[in-house]
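Below, each value reflects all heavy atoms present in this structure, side chains not excepted, and no hydrogens, waters or symmetry copies.
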Amino acid sequence: MPIVERVKRIDALGFQVEIWDWTRHDIMALVNTGATFSSMTGYIDGTLADKEGSDRLVKTARQSIAVAKELGIPRLNLHGTGLDDQGLPVVPAGEVTGPMWIRAHDTLNRLADLGQEHGVTFVLENLNTQVDHPGVPFARACDVLDLVASVDRPEVRIMLDLYHAQIGEGNLIELVRRCAPYLGEIQVADVPGRCEPGSGEIHYPAIARTLNDIGYRGTIGLEGWASGDDELALRRFEEAFTLSV
């Protein structure tokens, strides 16, 4: 479906909407849908870990904030480096060095300043390098946790993607508990196939109970495909995160 019709349908079914690259969309057309948007990509290009890329990341993050305000979006998503149309890193990193860690920490602090100024939160997403995003620096959830914890500011949180974490690290329940103080949003899809919960190996009802136990009350986003019927996939997603009383 065209993006505007897709947004209207998702909204009509009672879900919020997330978008990726905002530069590809007619923003006012999205605003006019009346849908509630929960997050979007928070930059156009740039990187966390080198000076020129960092400056570009912060500059385009500022541009993204203006769009986020039009859509009422509270969270802006980040990656260790820009991704191309195939999800591959624009600036791949075979090795993440000490100076890169320091630069990434400083870049996130600059973004936290922007977030504080404009009332938005930047969320740094973990990715997997085995299947979808080889060469992305700071990809593992444990690396994202270390960076966000080192900044330790409410304007920079974790976008914990459990699909990526299952491929790259596993041990999801313990990972959720470790990330609890820094969670900004959860993203999910099942493994293999990146479809809705219940289509693969991850037992998402157990994840839902853990999220409830740690007091998480934030957004859970389905960043994946439908294994079959679209609306059935959304119902399966909702059921996986609905706790019985």
What do you reckon, is CD of Glu52 surrounded by more than 12 foreign heavy atoms closer than 6.0 Å?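 No - once you tally the heavy atoms of other residues, nucleotides and ligands closer than 6.0 Å, there are 12 at most.
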Around atom CZ of Arg153, are there more than 12 heavy atoms from other residues, nucleotides or ligands closer than 6.0 Å?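 Enclosed.
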Determine whether [X] and [Y] make a side-chain contact, defined as any pair of heavy atoms from C-beta on separated by less than 4.5 Å.
| X | Y | answer |
| --- | --- | --- |
| Val67 | Thr23 | no |
| Val151 | His105 | yes |
| Leu71 | Val31 | yes |
| Arg75 | Met159 | no |
| Arg209 | Leu243 | yes |
| Pro137 | Val96 | yes |

To the nearest 0.5 Å, what is the distance between [atom1] on [X] and [atom2] on [Y]?
| X | Y | atom1 | atom2 | result |
| --- | --- | --- | --- | --- |
| Phe122 | Ser64 | CZ | OG | 7.5 Å |
| Thr121 | Ile158 | OG1 | CD1 | 13.0 Å |
| Phe237 | Ser199 | CZ | OG | 12.5 Å |
| Gln16 | Asp11 | CD | CG | 9.5 Å |
| Phe15 | Leu234 | CZ | CG | 4.5 Å |
| Leu30 | Phe37 | CG | CZ | 4.5 Å |

Looking at [X] and [Y], what are the two nearest heavy atoms and their distance?
| X | Y | value |
| --- | --- | --- |
| Asn128 | Asp132 | ND2-OD2, 2.7 Å |
| Gly82 | Tyr43 | CA-OH, 3.7 Å |
| Ala139 | Thr129 | CB-CG2, 3.6 Å |
| Gly198 | Arg236 | O-NH2, 2.7 Å |
| Pro181 | Arg177 | CD-O, 4.3 Å |
| Leu222 | Glu196 | CD1-CA, 4.1 Å |

Does the salt bridge (charged side-chain N to carboxylate O under 4.0 Å, His left out) test come out yes or no for Arg56 and Asp50, once each step is laid out? CA-CA 10 Å; Arg56 182 64 183 163; Asp50 65 89; over 6 Å; no
Should the pair Lys59-Asp55 be classified as a salt bridge under the 4.0 Å nitrogen-to-oxygen rule?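 Salt bridge flag = no for Asp55 with Lys59.
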List the atom pairs, with distances to 0.1 Å, where a side-chain N or O of residues 167-176 and a protein N or O form a donor-acceptor pair under 3.5 Å, not counting sequence neighbours.
residue : atom : partner : partner atom : Å
Glu169  : OE1  : Ala141  : N            : 3.4
Glu169  : OE1  : Cys142  : N            : 3.2
Glu169  : OE2  : Ala141  : N            : 2.7

Only counting residues at least two apart or in another chain, list the ones meeting side-chain hydrogen bond (donor to acceptor under 3.5 Å, both in side chains) with [X].
| X | answer |
| --- | --- |
| Thr41 | none |
| Thr81 | none |
| Trp101 | none |

Asp45, Leu127, Val90, Leu88 screened by side chain to side chain contact (heavy atoms under 4.5 Å, CB included) with Leu83, the one that passes: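 Passing option: Leu127.
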Look at the side-chain heavy atoms of Ile, Leu, Val, Met, Phe, Trp and Tyr, link any pair under 4.5 Å apart, and say whether Val144 and Ile220 land in one connected group.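 Hydrophobic grouping puts Val144 with Ile220.
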Report the C-alpha separation of Arg9 and Glu231 in whole Å, then their side-chain angles, then the decisive distance to 0.1 Å, and conclude whether the salt bridge (charged side-chain N to carboxylate O under 4.0 Å, His left out) test is met. CA-CA 10 Å; Arg9 187 64 183 143; Glu231 293 192 21; 2.3 Å; yes
So Leu76 and Met40, side-chain contact (heavy atoms from CB on, under 4.5 Å) or not? Walk me through it. CA-CA 5 Å; Leu76 289 88; Met40 71 176 204; 4.2 Å; yes
Could you verify whether a donor N or O on one side chain and an acceptor N or O on the other, from Glu223 and Trp20, lie under 3.5 Å apart?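 Distance-only check passes for Glu223 and Trp20.
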Is it the case that the side chains of Ser54 and Arg110 hold a donor-acceptor pair, with the cut-off being a distance below 3.5 Å and no angle test?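 Yes, because at least one side-chain N or O of Arg110 sits under 3.5 Å from a partner of the opposite role on Ser54.
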Pair His164 and His133, ring centroids less than 6.0 Å apart: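 Yes, they do, as the ring centres are separated by less than 6.0 Å.
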Listed by chain and number, what are the ring pair (Phe, Tyr, Trp, His ring centres under 6.0 Å) partners of His25, not counting sequence neighbours?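 If we apply the ring pair (Phe, Tyr, Trp, His ring centres under 6.0 Å) test to His25, skipping adjacent residues, there are no hits.
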Please identify each residue that fulfils ring pair (Phe, Tyr, Trp, His ring centres under 6.0 Å) with Tyr163, with sequence neighbours left out.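 In terms of ring pair (Phe, Tyr, Trp, His ring centres under 6.0 Å), with neighbours along the sequence ignored, Tyr163 is linked to no residue.
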